[in-house]
Amino acid sequence: MLRSNRSSKIGVVLKKSSDKTLVVSVEFLISHPVYKKVQKKSKKYLVHCLDKNIRVGELVKITSSRPFSKNKSWLIVSREEKK
């Protein structure tokens with residue numbers, strides 16, 4: 001059961017690092033404080049995955065979760081359709 005107060009993000013699977021771990025890249029836009037130019041940034045998250053059918057390049061929705069390891073505290077919720 002997922003809680004509604006947990007943050008969720010949509011990103012692309014970059015690699016399968018081990019049996020139940022994926023690396024997901026999430027892109028976001030940020031505005032420069034002085035020049036107001038909008039820049040595209042990205043961040044990588046280690047994600048816990050129980051579904052073995054998810055491949056590199058797929059769009060997935062992730063949500064924050066309890067820590068699974070030192071750096072892995074995100075969980076895959078579902079696959080998303082590419083637009």
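Every value quoted in this text rests on a predicted model; they were computed, and no experiment measured them. In this chain, residues are counted from 1 in sequence order.
If you take CH2 on Trp74 and OG on Ser65, they are separated by 10.0 Å, rounding to the nearest 0.5 Å. Between Leu22 atom CG and Arg55 atom CZ the span is 13.0 Å, to the nearest 0.5 Å. Taking CG of Leu46 as the start and OG of Ser17 as the end, the distance is 6.0 Å to the nearest 0.5 Å. Here the CZ atom belonging to Phe68 is positioned 9.5 Å from the OG1 atom belonging to Thr21, to the nearest 0.5 angstrom. Ser18 contributes atom OG, which lies 9.5 Å from atom NE2 of His48 (distance to the nearest 0.5 angstrom). Atom NZ of Lys61 and atom CG of Leu75 lie 12.0 Å apart (nearest 0.5 Å).
Looking at heavy atoms from C-beta onward, Val24 lies out of side-chain contact with Val12 at the 4.5 angstrom threshold. Val38 has its side chain out of reach of Ile30: every pair of non-hydrogen atoms, C-beta onward, lies at least 4.5 Å apart.
In this structure, Thr63 contributes its side chain and Ser7 its backbone to a donor-acceptor pair below 3.5 Å.
Shortest non-hydrogen contact noted between Val56 and Val13 is CG1-O, 3.7 Å. Here the closest non-hydrogen pair linking Ser42 and Ser25 is CB-OG, 3.9 Å. A pairwise comparison of heavy atoms in Ser31 and Lys36 identifies OG-CA, 3.7 Å as the closest pair. Of all non-hydrogen atoms in Lys20 and Leu50, the two that sit nearest each other are CD-CD2, 4.2 Å.
Contacts classified as salt bridge (charged side-chain N to carboxylate O under 4.0 Å, His left out) and involving residues 41-52 (residues at least two apart or in different chains) are given here: Asp19-Lys52, Asp51-Arg79.
By the criterion of side-chain heavy atoms lying less than 4.5 angstrom apart, applied directly or through intervening Ile, Leu, Val, Met, Phe, Trp or Tyr residues, Ile54 is grouped together with Val47 in one hydrophobic cluster.
For the side-chain contact (heavy atoms from CB on, under 4.5 Å) with Tyr45, the lone residue among Val26, Asn71, Leu14 that qualifies is Val26.
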